[in-house]
Number of protein chains: 2
Amino acid sequence: MAKIGDRNRELIIQAASEIFAARGYAATKTMDIANHAGLPKANVYYYFKSKKNLYRSVVESVIDPLLQAATPFYENDDPATVLEQYIRAKIRVSQQHPHASKVFASEIMHGAPHLPEDIAEQMMEQTRVSSNRIASWVKRQLIDPVDPHHLLFTIWAATQTYADFDWQISRVTGKDKMSQADYDTAAEQLTRLILKGCGVKSIQPE
Amino acid sequence: MAKIGDRNRELIIQAASEIFAARGYAATKTMDIANHAGLPKANVYYYFKSKKNLYRSVVESVIDPLLQAATPFYENDDPATVLEQYIRAKIRVSQQHPHASKVFASEIMHGAPHLPEDIAEQMMEQTRVSSNRIASWVKRQLIDPVDPHHLLFTIWAATQTYADFDWQISRVTGKDKMSQADYDTAAEQLTRLILKGCGVKSIQPE
DNA sequence: GTCTATACTAGGATAGAC
DNA sequence: GTCTATCCTAGTATAGAC
């Protein structure tokens, strides 16, 4: 039975996400990962064969929550609803998967050298769907004539910043760690800014 | 005369900015910097003593444009004018100093391990001035009751994203490199979004 | 399946010729 | 002030005992 193996694999991936996120790929020593996971170094190699391979596993383990966030665009057509839910989902990812977000941001910043092409393509497909949806809102005059890509870039950047640049956030706000209330405030502020800024008129006003 | 020395120092800093930006500190080999600068590796050590020291020099060479961008907050009090100029200045930094921006982003993302404390403090001071200014606009009802910090985070993130995540931008837009017109569009879109989103009423309406 | 002890190599740094 | 040749450490990876 591979019960212990599964457990250890999980421990290692978890430890690796944290350390890769904190220091970046090249600056991470497998020794540190092993220590952090409470296992001998050789164990890491036994389960993952190489550092590069472990990193790939970490990146893949991290993709799913990121891809999930786009669901609002697939489930609804009301601009106010979709945008609000999307922003909320993206902020939740920053909050609940900060290591994943950082690893991913670092990956993108350096030209995505380890991102499997099929994942990149999935994200592109989501982007196409989202931006077509936004374009159709513009055409139907449900929102101001905004450029869909730039709107998406802004939403991505503004939501990810809470994970990626947490050092800056914490320094500016004077809080060591954002509370649930802080994340809620962030989501509300950003939602209001975007909805009002795009002149969103809801299909189902009430 | 240290003419050659100055020239070489300049060449090395330039090459180093590009490579540190592209790969991050740890993944950068001094050999690559030397090659890219067209000089022998020992030369790099002669001028900068160590890799860490060279990196510090790069970070410092990069600070100035970033600090300059905040001037609109010191020169004016009209929300529309200040915010528009600030956004434009930040986007210009992304456009004209993309390597600087990336090195800096990477530094912040990993907890600013190499950022001299006096620089960090200068940025904090700018942030205090900017957010007090925004708070005073709110108090005088020149803009909606927004949280100044969150507004700044959004502006920072949305403007820096054009440098930091250029890979993503170029993949989504299908353009290898953004043109001047693209940067102008980005600035306009974001300015409109922010001004309208914050309900900016200009002091000097016309 | 697990871990200790060790091999191998990349890359930061320097000595010393020019 | 410049560069070639070399040293040496740190860190990836593995052989082989348990």
Side-chain angles (χ1 to χ4, degrees), chain A residues 1-61 99 103 106-107 110-111 113-115, chain B residues 1-61 99 103 106-107 110-111 113-115:
Chain A
M1 214 220 272
K3 195 89 177 274
I4 297 176
D6 287 352
R7 167 91 184 127
N8 283 350
R9 250 173 264 270
E10 193 45 52
L11 276 174
I12 292 166
I13 290 263
Q14 184 53 35
S17 320
E18 286 180 35
I19 305 207
F20 282 136
R23 312 199 195 149
Y25 176 79
T28 296
K29 294 165 259 194
T30 46
M31 187 60 184
D32 292 344
I33 295 176
N35 286 342
H36 198 259
L39 293 168
K41 186 174 61 148
N43 225 314
V44 172
Y45 283 94
Y46 171 69
Y47 287 117
F48 292 94
K49 184 163 159 42
S50 74
K51 181 183 171 181
K52 196 173 283 183
N53 192 51
L54 169 55
Y55 181 72
R56 242 179 253 281
S57 304
V58 167
V59 170
E60 279 168 25
S61 84
H99 309 311
V103 169
S106 197
E107 185 62 18
H110 299 130
H114 303 280
L115 195 64
Chain B
M1 215 222 270
K3 196 86 177 278
I4 297 176
D6 287 352
R7 167 88 183 132
N8 282 350
R9 250 175 265 270
E10 193 45 50
L11 276 173
I12 293 165
I13 290 262
Q14 185 52 35
S17 317
E18 287 180 35
I19 304 207
F20 281 138
R23 314 200 193 148
Y25 176 79
T28 296
K29 293 166 260 194
T30 46
M31 189 61 185
D32 293 344
I33 295 176
N35 288 342
H36 197 259
L39 292 167
K41 183 173 67 146
N43 224 312
V44 172
Y45 282 93
Y46 172 69
Y47 287 117
F48 292 94
K49 185 166 158 40
S50 73
K51 181 184 173 182
K52 195 173 283 183
N53 192 51
L54 169 56
Y55 181 73
R56 241 180 253 280
S57 303
V58 167
V59 170
E60 280 169 25
S61 82
H99 308 311
V103 169
S106 195
E107 185 62 17
H110 299 129
H114 303 281
L115 195 65

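Below, chains carry the letters A, B, ... as their sequence lines are ordered, and counting in each starts from 1.
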Asker: Counting only non-hydrogen atoms, which of residues 20-29 of chain B are less than 4.0 Å from DNA chain D?
Answerer: none

Asker: Please list every donor-acceptor pair under 3.5 Å in which a side-chain atom of residues 41-49 of chain A meets a protein atom from a residue at least two apart or in another chain.
Answerer:
from: Tyr45(A); atom 1: OH; to: Thr30(A); atom 2: OG1; distance (Å): 3.3
from: Tyr47(A); atom 1: OH; to: Asn8(A); atom 2: ND2; distance (Å): 3.3

Asker: Can you check the Ile33(A) CD1 to dT12(D) C1' distance for me, whole Å?
Answerer: 12 Å

Asker: Nearest-Å distance, CG (Asp32(B)) to P (dA10(C))?
Answerer: 13 Å

Asker: In this structure, how many angstroms lie between the P atom of dT4(C) and the CG atom of Leu39(A), rounded?
Answerer: 11 Å

Asker: Could you check which of dT2(C), dT2(D), dG12(C) has an atom nearest any side-chain atom of Thr30(B)?
Answerer: dG12(C)

Asker: What is the distance from CG of Asn43(B) to P of dG12(C), rounded to the nearest Å?
Answerer: 16 Å

Asker: Would you indicate what Tyr47(B) reaches in the nucleic acid, counting non-hydrogen atoms under 4.0 angstrom: base, sugar-phosphate, or nothing?
Answerer: sugar-phosphate

Asker: So which nucleotide from dT2(C), dC3(C), dC3(D) ends up closest to the side chain of Tyr46(A)?
Answerer: dT2(C)

Asker: Does any residue of residues 50-57 of chain A have a heavy atom under 4.0 Å from DNA chain D, and if so, which ones, in number order?
Answerer: Ser50(A), Lys51(A)

Asker: Taking side chain to side chain contact (heavy atoms under 4.5 Å, CB included) as the definition, give me every residue that meets it alongside Ala22(B), ordered by chain and number, with sequence neighbours left out.
Answerer: none

Asker: Could you list, one pair per line, each protein nitrogen or oxygen that sits under 3.5 Å from a nitrogen or oxygen of nucleotides 5-8 of chain D, together with the distance?
Answerer:
none

Asker: dT4(C), dC3(D), dT12(D): which one has an atom nearest the side-chain heavy atoms of Pro40(B)?
Answerer: dC3(D)

Asker: Between Tyr25(A) and His114(A), does the ring-ring contact (aromatic ring centres under 6.0 Å, His included) criterion hold? Intermediate values first, please.
Answerer: CA-CA 10 Å; Tyr25(A) 176 79; His114(A) 303 280; 5.4 Å; yes

Asker: Measure from CZ on Arg7(B) to P on dG1(D) and round the result to the nearest Å.
Answerer: 16 Å

Asker: I'd like to know if the side chain of Lys51(B) reaches the main chain of Thr28(B), judged simply by a donor and an acceptor atom lying under 3.5 Å from each other, with no hydrogens or angles considered.
Answerer: yes

Asker: List the residues meeting side-chain hydrogen bond (donor to acceptor under 3.5 Å, both in side chains) with Ser61(A), not counting sequence neighbours, and say none if there are none.
Answerer: none

Asker: Does His36(B) have any ring-ring contact (aromatic ring centres under 6.0 Å, His included) partners at least two apart in sequence or in another chain, and if so, which?
Answerer: none

Asker: Kindly write out the residues that satisfy side chain to side chain contact (heavy atoms under 4.5 Å, CB included) with Ala16(A), not counting sequence neighbours, or none if the list is empty.
Answerer: Phe20(A), Ile33(A), Leu54(A), Val58(A)

Asker: For Gln14(B), check side-chain hydrogen bond (donor to acceptor under 3.5 Å, both in side chains) against everything at least two apart and list the hits.
Answerer: Glu18(B)

Asker: Please state how far atom OH in Tyr45(A) lies from atom C1' in dG16(D), giving the value in whole angstrom units.
Answerer: 18 Å

